[in-house]
Amino acid sequence: MNTLKTVTALAVAVLGTGVLATVAMAAPAASPSYHWLTGNPNGTYKIDPQHTEVLFILGHVGIAPFTGRFDKISGTYTFDNKDPQKDQVHITIPAASIDTDFALRDEHLRSKLFFDVKKYPEVTFVSTKYQPTGKETGKLFGNLTLHGVTKPVVFQVRTGGAGKVAYLPKPWGGYLSGFVASTSIKRSDYGMTAYLPEGLSNTIHIKVEVEGIRQPG
């Protein structure tokens with residue numbers, strides 16, 4: 001997108017009992033190093049699920065931040081360098097793919113107390129507008145649907161590399177691009193109020209690291 005990939009700074013406010021912890025996910029001592037490929041990233045890209053991650057961070061009992069992820073993701077995004085406001089993103093995540101590296105906890109999160117995945121099987125994001133804020137940064141506006149509730153959110157975005165990577169085997173090679181996007185939401189806005197306020201923080205920080213393959217046409 002002269003548009004999408006945010007190597008984000010993610011400050012984590014751990015709510016709970018009022019303890020504040022800060023986690024910098026975008027400005028670590030050593031930021032990720034990108035191979036800036038040359039080329040025009042215009043076009044529509046299919047998300048590569050093997051090189052894309054959706055991470056979330058929340059506060060646990062007011063003591064420390066805790067990180068989980070979703071193991072499955074699909075979708076597309078479109079770059080238009082001449083008119084970045086036409087850039088589009090559409091992402092779908094199976095809610096049951098939540099993974100915290102502990103099976104019993106994952107089942108708890110899939111239950112009616114939290115994601116209620118049988119009733120609400122998908123988490124979706126559909127963009128409405130992209131607003132550049134710099135050569136490689138911008139704000140991505142859209143609607144996030146979670147737990148059957150749709151709310152507007154704004155992702156902070158930074159683009160990564162873009163260009164042809166011929167040496168990778170199928171299905172990973174071809175013309176690639178990447179971006180990182182981050183935002184914060186309140187889970188109570190989506191009807192997920194279990195263990196509020198002391199047990200789990202209301203504020204959830206989301207980071208999406210995306211790599212896509214440009215589609216023909």
Side-chain angles (χ1 to χ4, degrees), residues 1-15 20-28 31-32 45 47 52-60 65-79 84-85 87-95 97-100 109 114-115 120 122-134 136-160 177-193 196 200-212:
M1 264 168 216
N2 272 339
T3 348
L4 302 162
K5 202 168 189 179
T6 180
V7 176
T8 69
L10 212 50
V12 178
V14 179
L15 301 180
L20 184 66
T22 301
V23 176
M25 289 191 70
S31 296
Y45 294 76
I47 289 174
T52 298
E53 277 201 303
V54 180
L55 306 171
F56 61 88
I57 301 176
L58 71 160
H60 180 243
F66 177 81
T67 303
R69 66 185 183 275
F70 290 90
D71 288 337
K72 295 182 179 180
I73 181 172
S74 63
T76 60
Y77 58 95
T78 299
F79 288 119
Q85 293 197 35
D87 292 352
Q88 297 178 349
V89 180
H90 190 161
I91 289 175
T92 300
I93 301 167
S97 71
I98 194 166
D99 191 341
T100 64
L109 291 171
F114 288 98
F115 283 87
Y120 308 111
E122 293 183 339
V123 178
T124 63
F125 173 77
V126 180
S127 68
T128 56
K129 181 178 69 172
Y130 181 78
Q131 178 182 320
T133 57
E136 287 111 19
T137 61
K139 294 181 179 180
L140 182 65
F141 298 78
N143 294 311
L144 176 67
T145 300
L146 170 66
H147 196 242
V149 178
T150 301
K151 294 280 185 180
V153 298
V154 181
F155 279 89
Q156 302 297 322
V157 173
R158 182 178 295 273
T159 60
S177 82
F179 66 90
V180 181
S182 65
T183 192
S184 296
I185 63 172
K186 293 189 181 298
R187 61 188 178 95
S188 60
D189 289 344
Y190 296 86
M192 300 175 68
T193 58
L196 282 176
L200 298 171
S201 66
N202 195 19
T203 301
I204 309 295
H205 302 276
I206 301 169
K207 181 182 181 184
V208 186
E209 303 171 341
V210 174
E211 187 171 297

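Hydrogens, waters and symmetry mates play no part in the numbers below; they use all other heavy atoms, side chains included.
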Point to revise | Check against side chain to side chain contact (heavy atoms under 4.5 Å, CB included), Tyr130 and Val157 | key: CA-CA 9 Å; Tyr130 181 78; Val157 173; 4.2 Å; yes

Does some side-chain heavy atom of [Y] sit less than 4.5 Å from a side-chain heavy atom of [X]?
X      : Y      : result
Asp87  : Tyr77  : no
Val54  : Ile91  : no
Val208 : Ile206 : yes
Phe125 : Val153 : yes
Gln85  : Gln131 : no
Thr92  : His90  : yes
Tyr120 : Val149 : no

Could you tell me the separation between the [atom1] atom of [X] and the [atom2] atom of [Y], rounded to the nearest 0.5 Å?
X      : Y      : atom1 : atom2 : result
Lys207 : Ser182 : NZ    : OG    : 8.0 Å
Ile204 : Ile57  : CD1   : CD1   : 10.0 Å
Thr52  : Ile73  : OG1   : CD1   : 5.5 Å

Counterpart residues, side chain to side chain donor-acceptor pair (under 3.5 Å), relative to [X] (two or more places apart):
X      : value
Thr145 : Thr150
Thr124 : none
Ser188 : Asn202

Review point. Backbone N or O of Gly212 within a donor-acceptor pair of the Ser177 side chain at under 3.5 Å?
Key: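 No.
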
**Study point:** Donor-acceptor contact below 3.5 Å, side chain His147 vs main chain Tyr190
**Key:**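 Judged by distance alone, yes, a pair lies under 3.5 Å.
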
**Study point:** Candidate pair Leu200 and Arg187, rule side chain to side chain contact (heavy atoms under 4.5 Å, CB included), full reasoning
**Key:** CA-CA 10 Å; Leu200 298 171; Arg187 61 188 178 95; 3.3 Å; yes

**Study point:** Contacts of Phe70 that satisfy ring-ring contact (aromatic ring centres under 6.0 Å, His included) - sequence neighbours left out
**Key:**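 So Phe70 forms a ring-ring contact (aromatic ring centres under 6.0 Å, His included) with Phe56, Phe115.
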
Practice item. Output all residues satisfying salt bridge (charged side-chain N to carboxylate O under 4.0 Å, His left out) with Asp189, sequence neighbours left out; order by chain, then residue number. Key: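 None.
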
**Study point:** Any residue meeting side-chain contact (heavy atoms from CB on, under 4.5 Å) with Asp71, in chain and number order, not counting sequence neighbours
**Key:**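 Applying side-chain contact (heavy atoms from CB on, under 4.5 Å) to Asp71 gives Arg69, Ser97, Asp99.
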
Check your understanding: Please walk me through it: do Ile185 and Leu146 pass side chain to side chain contact (heavy atoms under 4.5 Å, CB included)?
Key -> CA-CA 11 Å; Ile185 63 172; Leu146 170 66; 4.0 Å; yes

